[in-house]
Amino acid sequence: QQVQGGDPAPLLCPRQARILCPVLGSPVEKDRDLLAGVQQRSMKMFKALEHLPYEERLSNLGLFSLWKRALRGDLINVYKYVKGGGRQMDQVRIFSVVCSERTRSKGLKLVHRKFHTNMWKSFFMWRQRIRLYLEGTGINPVPVDLHEQQLSQEQHSRAHINERFQDQRSDVSGPHLLPVRALNEVFIGESLSSRASYYEISVDDGPWEKQKSSGLNVCTGTGSKAWSYNINKVANQAVEEILNIAKKHGSLNMPLNTELVQKVTNDYNESLLYSPEEPKMFFSIREPIVNRVFSSSRQRGFSSKVCVRSRCWDACMVIDGGTSFEFNDGAIASILIDKEDALCTVLLEE
């Protein structure tokens, strides 16, 4: 699975199998046998190879056994320790390389250091994910996969309509937990980009507020480096103009220079980023329309729960840019963080 945005794609492993990653060593024997059995059964899915022994099936497919892959990971880590290691290796310092005076020796020896049980935190990161509930009248909990096909706006709408008539669950009105989790962001808006999105929003169970905008973006810490960051970041020119206005009104008594403008800009933009492990979301209202009917008391901010009631004509709710749900008038989405949905990822060296 690939994480979109500024972070590199991590190697994923489930919560129950964190020790199976070959970063800290080979897996324990019982878990190795369990995974080897899964790999053997999966090899039998190839009809042309099902009559061959397990070793020959691996050879024909160009694969290695679980034991060889674990051994390869151990050898790579030993090489890193001897040659100086990487960022993660230097942080935990499991071994140290010392000179050896023994005869018939290469002159180097790995000495084991004492370490704490929380050392795995230097390799693993629990990335929070967004959970979504959909309820209301005429909702369609069946998604459209945007990765499988590049759809035009007309095709996208037709795909949602076809799915709604083909699936009998479209009349579900109670809270329906969607079968996907958002690792980066959730976007809600009209399918036609030139049409303003009309909806009502409630942040952290607060009062409902009518809004019109170019759409709503709700992201996690992982996604805070990607689309959300580009929506909310400011440029040096905007900061310089604001500081000049403040100085004009006598509220700023200091000389303005390029270094100050750059520092203020960087500080603000960095405040938009936060750790993927923090159990909170960051919502952004894109280009809000403010008048006597529609308001925008909070254009952006951190929250633990966001509820959206659609008043749109032909809208969709897109998860991580790849899974789209119909989200038209009458549908209500509850967007929140649940720690049980956290995804364990392995930090790879840059």
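Here the structure is a predicted model, which is why all the values come from computation and not from measurement. Along the sequence shown, residues carry numbers from 1.
- Every residue meeting the ring pair (Phe, Tyr, Trp, His ring centres under 6.0 Å) condition with Phe282, not counting sequence neighbours, appears here in chain and number order: Phe302.
- With sequence neighbours left out, the ring pair (Phe, Tyr, Trp, His ring centres under 6.0 Å) criterion links Tyr198 to Phe294.
- Rounding to the nearest 0.5 angstrom, the gap separating the CD atom in Glu270 from the CG atom in Leu272 is 9.5 Å.
- Asp341 pairs in a side-chain hydrogen bond (donor to acceptor under 3.5 Å, both in side chains) with only one of the listed residues (Gln128, Arg131, Arg127, Arg129), which is Arg131.
- Residue Arg72 places its CZ atom among 12 or fewer non-hydrogen atoms of other residues, nucleotides or ligands, all under 6.0 Å distant.
- A continuous path of hydrophobic side-chain contacts links Val239 to Tyr229 [ILVMFWY only; heavy atoms under 4.5 Å].
- In terms of heavy-atom proximity, Thr220 sits nearest to Ala182 at CG2-O, 3.9 Å.
- Residues Leu216 and Ile231 are members of separate hydrophobic clusters, defined by side-chain heavy-atom contacts under 4.5 angstrom among Ile, Leu, Val, Met, Phe, Trp and Tyr.
- Considering every non-hydrogen atom in both Cys316 and Ser191, the closest pair reads SG-OG, 3.9 Å.
- Between the side chains of Ser284 and Asn232, a donor-acceptor pair is found at a separation under 3.5 Å.
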Please assess Ser303 against Met281 for the test side-chain contact (heavy atoms from CB on, under 4.5 Å), listing each intermediate value before the final yes or no. CA-CA 5 Å; Ser303 65; Met281 303 178 298; 4.1 Å; yes
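- Looking only at distances, a side-chain donor or acceptor of Ser224 sits under 3.5 Å from a matching main-chain atom of Gly221.
- Taken from CD in Glu185 to CD1 in Ile335, the straight-line distance is 11.5 Å, to the nearest 0.5 Å.
- Between the Asp320 side chain and the Gly322 main chain, no donor and acceptor come within less than 3.5 Å of each other.
- In this structure a side-chain-to-backbone donor-acceptor pair under 3.5 Å is missing from Ser202 to Trp208.
- Between the CD1 atom of Ile285 and the OG atom of Ser197 there is a distance of 10.0 Å, given to the nearest 0.5 Å.
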For a side-chain contact (heavy atoms from CB on, under 4.5 Å) check, start with the C-alpha distance between Cys307 and Glu200, then their side-chain angles and the critical distance, and finish with the verdict. CA-CA 8 Å; Cys307 295; Glu200 299 176 24; over 6 Å; no
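- Contact of the Arg195 side chain with the Asp314 side chain is registered, since non-hydrogen atoms from C-beta on lie closer than 4.5 Å.
- When hydrophobic side chains of Ile, Leu, Val, Met, Phe, Trp and Tyr are connected at separations under 4.5 Å, Ile289 ends up as a singleton with no cluster partners.
- Atom CG of Leu134 sits about 9.5 Å away from atom CD of Glu326, to the nearest 0.5 Å.
- No path of Ile, Leu, Val, Met, Phe, Trp and Tyr side chains, each step under 4.5 Å between heavy atoms, connects Ile130 with Phe187, placing them in separate hydrophobic clusters.
- Under the 4.5 Å side-chain heavy-atom criterion for Ile, Leu, Val, Met, Phe, Trp and Tyr, Leu260 and Val234 are members of the same hydrophobic cluster.
- No hydrogens or angles considered: nothing links the side chains of Asn236 and Glu240 as a donor-acceptor pair under 3.5 Å.
- Atoms OG1 and CG, from Thr323 and Leu132 in turn, are 10.5 Å apart once rounded to the nearest 0.5 Å.
- Considering all non-hydrogen atoms of both residues, Gly215 and Tyr199 come closest at O-OH, 4.2 Å.
- The shortest distance between side-chain heavy atoms of Phe327 and Ile188 falls below 4.5 Å.
- A cation-pi geometry, defined here as NZ or CZ lying under 6.0 Å from the six-membered ring centre and within 45° of its normal, does not hold between Lys233 and Tyr268.
- Here the closest heavy-atom approach between residue Ile319 and residue Val186 is recorded as CG1-CG2, 4.5 Å.
- Hydrophobic clustering keeps Trp227 apart from Val318 (ILVMFWY residues linked when any side-chain heavy atoms are closer than 4.5 Å, directly or through intermediates).
- Distance alone, capped at 3.5 Å, is enough to place a donor-acceptor pair between the Thr265 side chain and the Val261 backbone.
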With side-chain contact (heavy atoms from CB on, under 4.5 Å) as the test, would you mind laying out the steps for Leu273 and Lys225 before giving the verdict? CA-CA 6 Å; Leu273 308 176; Lys225 296 182 178 181; 3.9 Å; yes
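- Taking Phe283 as the reference, nothing meets the ring pair (Phe, Tyr, Trp, His ring centres under 6.0 Å) condition, with sequence neighbours excluded.
- Checked by atom type and distance alone, the side chain of Ser296 never pairs as donor or acceptor with a backbone atom of Pro288 at under 3.5 Å.
- Here the closest non-hydrogen pair linking Leu256 and Asn244 is CD1-OD1, 2.9 Å.
- Looking at every heavy atom in both residues, Glu190 comes nearest to Cys312 through OE2-CB, 3.3 Å.
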Show your working on side-chain contact (heavy atoms from CB on, under 4.5 Å) between Trp313 and Asn328 and close with a plain yes or no. CA-CA 6 Å; Trp313 175 258; Asn328 293 327; over 6 Å; no
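- With rounding to the nearest 0.5 angstrom, the CD atom of Glu277 is 7.5 Å from the OG1 atom of Thr345.
- Applying the salt bridge (Lys or Arg N to Asp or Glu O under 4.0 Å) test to residues at least two apart or on different chains, the pairs with a partner in residues 203-220 are Asp205-Lys305.
- In terms of the side chain to side chain donor-acceptor pair (under 3.5 Å) criterion, Lys247 has no residue partners (sequence neighbours excluded).
- Enclosure of atom NZ in Lys263 is not indicated, since only 12 or fewer non-hydrogen atoms of other residues, nucleotides or ligands lie within 6.0 angstrom.
- Between Lys339 and Pro279, the closest side-chain pair of non-hydrogen atoms falls below 4.5 Å.
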